Amino acid sequence: PQYLYVTAVTKATRAVVTCSVDPSQYYVVGMKIRFSIPQSFGMKELDGLTGTIVSLANAVTAYEMVVDID
């Protein structure tokens with residue numbers, strides 16, 4: 001899709017981004033993604049940054065992707 005809803009982000013060397021749907025249905029490892037996060041949603045440090053997807057997980061309870069943003 002044009003965008004995914006982010007439900008959580010970890011503060012780590014590589015950010016783990018949890019989405020509301022399975023990101024592996026729309027994205028592949030190596031793709032670049034740009035974050036647009038309203039200030040009221042928190043994690044404003046990520047707003048406007050572009051990162052490369054380094055891994056995807058599509059577990060039943062956690063729709064996660066790891067990006068190379070610290």
Side-chain angles (χ1 to χ4, degrees):
Q2 186 174 358
Y3 60 88
L4 289 178
Y5 290 104
V6 173
T7 59
V9 179
T10 63
K11 293 182 181 180
T13 304
R14 290 186 167 177
V16 177
V17 180
T18 305
C19 303
S20 60
V21 296
D22 181 2
S24 69
Q25 297 295 314
Y26 308 101
Y27 300 109
V28 296
V29 172
M31 287 180 84
K32 292 197 177 286
I33 58 171
R34 183 178 162 276
F35 290 91
S36 178
I37 302 174
Q39 189 170 12
S40 63
F41 284 37
M43 199 56 137
K44 62 184 177 184
E45 302 85 0
L46 197 55
D47 184 41
L49 296 182
T50 300
T52 302
I53 299 171
V54 295
S55 72
L56 292 164
N58 59 353
V60 173
T61 58
Y63 298 136
E64 297 176 341
M65 61 182 158
V66 179
V67 294
D68 66 347
I69 297 176
D70 184 2

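Here the structure is a predicted model, which means the values were calculated and not measured. The figures that follow rest on heavy atoms only: side chains count, while hydrogens, waters and symmetry mates do not. Throughout, numbering of the chain's residues begins at 1 and tracks the sequence.
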So OH of Y26 and SG of C19: to nearest 0.5 Å the spacing works out to 10.5 Å

ILVMFWY cluster, V21 and V66 together (side-chain gap under 4.5 Å) = no

Taking only residues two or more places apart in sequence or in another chain, which ones pass side-chain contact (heavy atoms from CB on, under 4.5 Å) with D68?
-> T52, V54

Considering only heavy atoms from C-beta outward, does the side chain of F35 approach that of V67 to under 4.5 Å?
-> yes

Has the side chain of T7 got a donor or acceptor atom that lies under 3.5 Å from a matching backbone atom of T18?
-> yes

Side-chain heavy atoms of E64 within contact of P23, under 4.5 Å | no

pair V16-V9: side-chain heavy atoms closer than 4.5 Å | no

Distance from R14 atom CZ to M65 atom CE, nearest 0.5 Å?
-> 14.5 Å

CA sep, side-chain torsions, deciding dist, call: K11, D70, side chain to side chain contact (heavy atoms under 4.5 Å, CB included) | CA-CA 7 Å; K11 293 182 181 180; D70 184 2; over 6 Å; no

Are the side chains of L4 and Y63 in touch, meaning some heavy atoms are under 4.5 Å apart?
-> no

Sequence neighbours left out, what pairs pass side-chain hydrogen bond (donor to acceptor under 3.5 Å, both in side chains) with at least one residue falling in residues 33-48?
-> none

By side-chain contact (heavy atoms from CB on, under 4.5 Å), T13 pairs with (sequence neighbours left out) none

Can L46 and I69 be said to form a side chain to side chain contact (heavy atoms under 4.5 Å, CB included), step by step?
-> CA-CA 8 Å; L46 197 55; I69 297 176; 3.9 Å; yes

For Y5, enumerate each residue passing the ring-ring contact (aromatic ring centres under 6.0 Å, His included) test, keeping only those at least two apart in sequence or located in another chain.
-> Y3

